[in-house]
Chemist: 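There's a structure below that I have some questions on.
Just so it is clear, the values below take in all heavy atoms, side chains as well, and ignore hydrogens, waters and symmetry mates. Each residue takes its place number in the sequence, starting with 1.
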Amino acid sequence: MKRKCIKCGREIGIVGNHNDFSITGAVCLDCFIDYLERKIDFLLKKGFTLQAEELKKTLVRKLIERQEEE
């Protein structure tokens, strides 16, 4: 079976079958980066300022590096 992103529907990889309860839904890295950016923006609007911009840059950089490795 094919594993698909639960947000955008893009195929991510191949997993087992339904009989062994394989996970067939996941989130691709692009959708995960979008989620992190929205979450950080939400926290900034709520007043959290604990190095939020530095955290955002670090998270996005690490995810991009991981995506380039694939």
Side-chain angles (χ1 to χ4, degrees):
M1 295 189 69
K2 297 177 182 176
R3 182 180 295 166
K4 291 187 178 182
C5 177
I6 58 175
K7 183 168 182 184
C8 67
R10 185 173 74 182
E11 292 181 6
I12 298 172
I14 298 175
V15 294
N17 56 26
H18 283 297
N19 295 336
D20 62 0
F21 302 103
S22 297
I23 297 173
T24 57
V27 178
C28 66
L29 288 176
D30 294 332
C31 292
F32 190 62
I33 290 171
D34 291 341
Y35 165 76
L36 288 176
E37 289 177 342
R38 285 194 313 269
K39 185 69 172 176
I40 290 171
D41 290 339
F42 172 77
L43 292 174
L44 286 173
K45 289 178 184 176
K46 289 290 186 179
F48 291 91
T49 58
L50 183 64
Q51 304 168 345
E53 286 299 320
E54 295 172 11
L55 176 65
K56 179 178 179 179
K57 290 177 187 176
T58 303
L59 289 173
V60 171
R61 187 182 75 242
K62 286 184 178 182
L63 286 169
I64 289 172
E65 288 172 359
R66 184 179 295 170
Q67 190 174 21
E68 287 175 351
E69 290 174 1
E70 292 181 353

Chemist: What's the spacing between Tyr35 OH and Lys7 NZ if we round to 0.5 Å?
Modeler: 11.0 Å
Chemist: According to salt bridge (charged side-chain N to carboxylate O under 4.0 Å, His left out), who are the partners of Asp30, at least two apart in sequence or on a separate chain?
Modeler: Arg10
Chemist: Any idea which heavy atoms bring Cys8 and Cys28 closest together, and the distance?
Modeler: SG-SG, 3.8 Å
Chemist: Please enumerate all residues that pass side chain to side chain contact (heavy atoms under 4.5 Å, CB included) together with Ile6, with sequence neighbours excluded.
Modeler: Val27
Chemist: How far does CG of Leu36 sit from SG of Cys31, to the nearest 0.5 angstrom?
Modeler: 11.5 Å
Chemist: Check side chain to side chain contact (heavy atoms under 4.5 Å, CB included) between Lys45 and all other residues, then give those that pass, not counting sequence neighbours.
Modeler: none
